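Working notes, beginning with the structure itself.
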There are 2 protein chains.
Amino acid sequence: MVTRKEVAELAGVSEATVSRVFNGVGPMKEETKQRVLEAAKTLNYHPNAIAQNFARRRSGNLGVVLPYVPKVHLFSTYFFSEILSGIGAKVKEKGYDLLLLLRSPDEESDYIDMFRSQKVDACIILGATDTPRELEQLKRLEEGGHPFCLVNQHFRGEQFNEVDADHKTGSYIAVRHLLDRGHRRVAFLNGSPQFSSSGDRLEGYRQAMREAGLLPGGMDALSPHLYYEGNYSRTSGYRAAAQIYEHRHEIDAVFAANDRMAIGLMQGLRELGWEAGRDLAVVGYDNSDAARVTDPPLTSVAVPFYEMGSLAAEKLLSRIGGDAASKGTFQVKVDTELVIRQSCGRRS
Amino acid sequence: MVTRKEVAELAGVSEATVSRVFNGVGPMKEETKQRVLEAAKTLNYHPNAIAQNFARRRSGNLGVVLPYVPKVHLFSTYFFSEILSGIGAKVKEKGYDLLLLLRSPDEESDYIDMFRSQKVDACIILGATDTPRELEQLKRLEEGGHPFCLVNQHFRGEQFNEVDADHKTGSYIAVRHLLDRGHRRVAFLNGSPQFSSSGDRLEGYRQAMREAGLLPGGMDALSPHLYYEGNYSRTSGYRAAAQIYEHRHEIDAVFAANDRMAIGLMQGLRELGWEAGRDLAVVGYDNSDAARVTDPPLTSVAVPFYEMGSLAAEKLLSRIGGDAASKGTFQVKVDTELVIRQSCGRRS
DNA sequence: TTGTACGCGTTATCAT
DNA sequence: ATGATAACGCGTACAA
């Protein structure tokens, strides 16, 4: 590899001058600059990124932590794909590199190692869950002064950096949509409670139902035959179909907390002879690609995952970049949007 | 950050000894080793990865190049997700890190820069296309002695490292499946020709048809109403539906080169009143998650993308790791498998 | 405007 | 079995 030294010799200047030219710092004679650039070109010189980062005492990497999701082979979901793309675009724009960290099932040594060994300057954590173990790890990161940002997950009572979507309102508009179409007995198929979005969705559902006067027992009352819980997998939606079918005479519509479950649910109900869009209305969540290809196409709440990833990267990098306003943490909440298809039937 | 020097002082040894302990090289007294480890623990010392890589004159990163795919937001496909997961697992196992490189639409400066600046020691290229521009870039990489590996793409006449699937046989078994079920007039909806797998699939289709005596005009004859071409997007499959429907009286079945097109095709045909599994048989390719959720569930050819990624990473890293058998390039071809669902009807 | 000189935290070589 | 010490390629304070 050709080094700075060789360029300096060929150009007849010192190594420092070569560095200045390549970093555009300090005043320099135009002629000198040209001479250096020319020498660099003839020698095909390219600064060594590792050495640069070493000298700058930083890695130049933004880490992205992906959760371990058994069976799903991790990326197979719309969610991660979109966020990653958003992060990738922003990271590139800012001249950073993107280091991927796939968590293992066991994972005794966790992502704090990435910081300890200084492989990353900051990181974005996807798919975090509200468990004591996770929370403790995040607190350790914070104490260590390691900049990180959560995406699509909120920790109650903590002031971590985070970019979340307004899932409460998202769910509210989904349920309102069902209510507006005349459905009264709207069931809710929620996902795993360790994700904050599940709690948010429940709140949104409750608010819509309450406003419609459909929570008779007061604010907290929730008829058991209207609340179901899966784990966001298609299979769990499929399983819920059996339970929901048992209460078919008390249910007009189902709001599912994500598309995968909604799809499993529709499949399961169809096998039992109950058709979404005909016998009941179904609304999903995420507006994933799959929502377009189901039969009937699934009405769903769109979440701007791509933008969320991009936003998280931007905010985080501007902090460590030493920009202004680097004080305190940030909590961003982006808006969702209902995309109407045919799973609620065609009548207006 | 605590450095090696401090550990050495606390342990009462030289810096070199600390390094030896942490790298497990050379002989050392057990007692010394323990003393060093203890000192490291009390000080919470962790070797600086950047400095290590700098001193070792390597980056410790495996680069993964992802193509620019407009609209699809890149990761939204099963294909990349699976391969990336496979690479990630292997990379971790080998103690490397995974650097993601998302290509831009314009991309004047290409991935060769990653090597020039020595950010990666090797890289895996996904979604390469058989275009003059791409080929030229790959040749430049090769000339520069930069280790790389292609996944799911073959360049005729070149001996690049590659891990591919046997798409010819995969297509053969798909078409054979249709023929075995009694369909004679099997159409083929292929994808973009710049991917080698498209050519392979065409060969497989041809062989099966020829063996069944269904290529009357000789080896190369292909009835125009039996061959269609999309670009692997759902939309292109949807568009093909119209053309195929026009020839509905000359077609019993369609083999689509991927699931996305198959899904679009089924949607389009349904809108025209032609139902897959009832009026015609359809087989897809990739066995993506979506294949399970369509109506009817889609019979499809499964490709072990996860394993392909893992294999590519393993082979590549063992080369640069200086293992034995580092001579020459490698070309691996993995097997595919037909997964039967209901899109070809239920009759045996 | 440019050069000198040092430091960054390791690895690795050569003594001892 | 362990200790000095020279790289490694670059950034940068300071001197000129």
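Note that the structure is a prediction, hence the values are computed from the model and not measured. Just so it is clear: chains get the letters A, B, ... in the order the sequence lines come, proteins before strands, and each one is counted from 1.
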B/R35: what forms a side chain to side chain donor-acceptor pair (under 3.5 Å) with it, not counting sequence neighbours?
B/E31

Does either side chain, that of B/S59 or that of B/D121, offer a donor lying less than 3.5 Å from an acceptor on the other one?
yes

Any chance the side chains of B/E38 and B/Q34 put a donor and an acceptor closer than 3.5 Å?
no

Interatomic distance where [atom1] belongs to [X] and [atom2] belongs to [N] [whole Å]:
{"X": "A/E30", "N": "C/dT2", "atom1": "CD", "atom2": "C1'", "answer": "16 Å"}
{"X": "B/R56", "N": "C/dG9", "atom1": "CZ", "atom2": "P", "answer": "16 Å"}
{"X": "A/I50", "N": "D/dG11", "atom1": "CD1", "atom2": "P", "answer": "13 Å"}
{"X": "A/Q52", "N": "C/dG7", "atom1": "CD", "atom2": "C1'", "answer": "17 Å"}
{"X": "B/E6", "N": "C/dG9", "atom1": "CD", "atom2": "C1'", "answer": "11 Å"}

Between A/K333 and A/E162, does any NZ, NE, NH1 or NH2 come within less than 4.0 Å of an OD or OE carboxylate oxygen?
no

Distance-minimising heavy-atom pair for [X] and [Y]:
{"X": "B/M1", "Y": "B/E6", "answer": "O-OE2, 3.7 Å"}
{"X": "B/Y96", "Y": "B/L62", "answer": "CD2-N, 4.2 Å"}
{"X": "B/F155", "Y": "B/T129", "answer": "CZ-O, 3.4 Å"}

On the 0 to 90° scale, with breaks at 30° and 60°, tag the B/F115-B/H146 ring pair as parallel, tilted or perpendicular.
parallel

DNA chain D-proximal residues of residues 13-28 of chain A, any heavy atom under 4.0 Å
A/A16, A/S19, A/R20, A/N23

Starting at the 5' end of DNA chain C, which residue's closest nucleotide do you reach first, B/K5 or A/R35?
A/R35

I'd like a list of close polar pairs between nucleotides 6-9 of chain D and the protein, N/O only, cut-off under 3.5 Å.
| residue | atom | partner | partner atom | Å |
| --- | --- | --- | --- | --- |
| D/dC8 | O4' | B/R57 | NH1 | 3.0 |

